[in-house]
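Accompanying notes for the structure given below.
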Amino acid sequence: MTGVLLQTEGGAKGWPGRLLRLEGLALLVVACVLYHRTGLSWWWFAGLFLVPDLSFLAYVFGRGAGTLAYNLTHTEVGPAVLGLMGLTILPPALPFALIWAAHIGWDRMIGYGLKYASSFDHTHLGPVGKAAKAARKS
């Protein structure tokens, strides 16, 4: 289990990586189309789009806390549960779920995946940032 948490290389490459990025694009588009149908202002959308990235602040408590916070706010489970609540018992939650889902879709589309505790730059979609630059050099 520790090896999985401390992975430092790998990630989805080739067609699997492209398909995962395409899934991100699909999530982004569907979330935006559904958000448009709510009739709410796009200013709300723009203002809340980056809120999940506030999870970065947990890195001040260490790499483990940061990784956990980032991954919990960047998995599709959260917006799916919130969206289900919005469709059933708490309608005002639906737009927030769609904005959250759109954010995750955007991140996946551009290659940012769930983080490994070994480094912020090591994700399930492959290296990003400095790790990606280093991987290209080798």
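- In the displayed structure, Phe56 atom CZ is contacted under 6.0 Å by more than 12 heavy atoms of other residues, nucleotides or ligands.
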- Task: Test Thr67 against Tyr59 for side chain to side chain contact (heavy atoms under 4.5 Å, CB included), laying out the working first.
- Result: CA-CA 7 Å; Thr67 300; Tyr59 276 92; 3.6 Å; yes
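- Here the CG atom belonging to Leu27 is positioned 5.5 Å from the CD atom belonging to Glu76, to the nearest 0.5 angstrom.
- Judged by distance alone, the side chain of Asn71 and the main-chain N or O of Leu114 form no donor-acceptor pair under 3.5 Å.
- Contact annotation: the side chain of Arg108 never approaches that of Thr123 to less than 4.5 Å [non-hydrogen atoms, C-beta and beyond].
- Between the side chain of Arg63 and the backbone N or O of Ser118 there is at least one donor-acceptor pair closer than 3.5 Å.
- A search for side-chain contact (heavy atoms from CB on, under 4.5 Å) contacts involving Asp107 returns Asp53, Tyr70, His74, His103, Tyr112, not counting sequence neighbours.
- To the nearest 0.5 Å, atoms CG (Leu25) and CE (Met109) are separated by 6.0 Å.
- Here the closest heavy-atom approach between residue Phe49 and residue Pro52 is recorded as O-CD, 3.5 Å.
- By the criterion of side-chain heavy atoms lying less than 4.5 angstrom apart, applied directly or through intervening Ile, Leu, Val, Met, Phe, Trp or Tyr residues, Trp15 is not grouped with Leu22; the two fall into different hydrophobic clusters.
- The minimum heavy-atom distance between Pro79 and Ile104, with the atom names listed, is CG-CD1, 3.7 Å.
- For Arg37, the CZ atom is loosely surrounded, since the number of other residues' heavy atoms within 6.0 Å does not exceed 12.
- With a 6.0 Å radius and a threshold of 12 heavy atoms from other residues, nucleotides or ligands, Trp42 has its CH2 atom above the threshold.
- Taking all atoms of both residues into account, the shortest heavy-atom contact from Phe45 to Cys32 is CZ-SG, 3.7 Å.
- Trp44 and Leu54 fall within the same hydrophobic cluster, defined by Ile, Leu, Val, Met, Phe, Trp and Tyr side-chain heavy atoms under 4.5 Å apart, directly or through other members.
- Although no hydrogens or angles enter the test, the distance criterion places no donor-acceptor pair under 3.5 Å between the side chain of His124 and the main chain of Gly113.
- Rounded to the nearest 0.5 angstrom, Glu23 CD and Leu28 CG are separated by 13.5 Å.
- Connection of Leu68 to Val60 is not established within any shared hydrophobic cluster, with ILVMFWY side chains joined at heavy-atom distances below 4.5 Å, either directly or through further cluster members.
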Using distance only, find each side-chain donor-acceptor pair of residues 80-100 under 3.5 Å and give its atom names and separation, not counting sequence neighbours.
{"residue": "Thr88", "atom": "OG1", "partner": "Leu84", "partner atom": "O", "Å": "2.8"}
{"residue": "Trp100", "atom": "NE1", "partner": "Thr73", "partner atom": "O", "Å": "2.8"}

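- Of the possible donor and acceptor atoms, one in the side chain of Thr38 sits under 3.5 Å from a partner among the backbone N and O of Tyr35.
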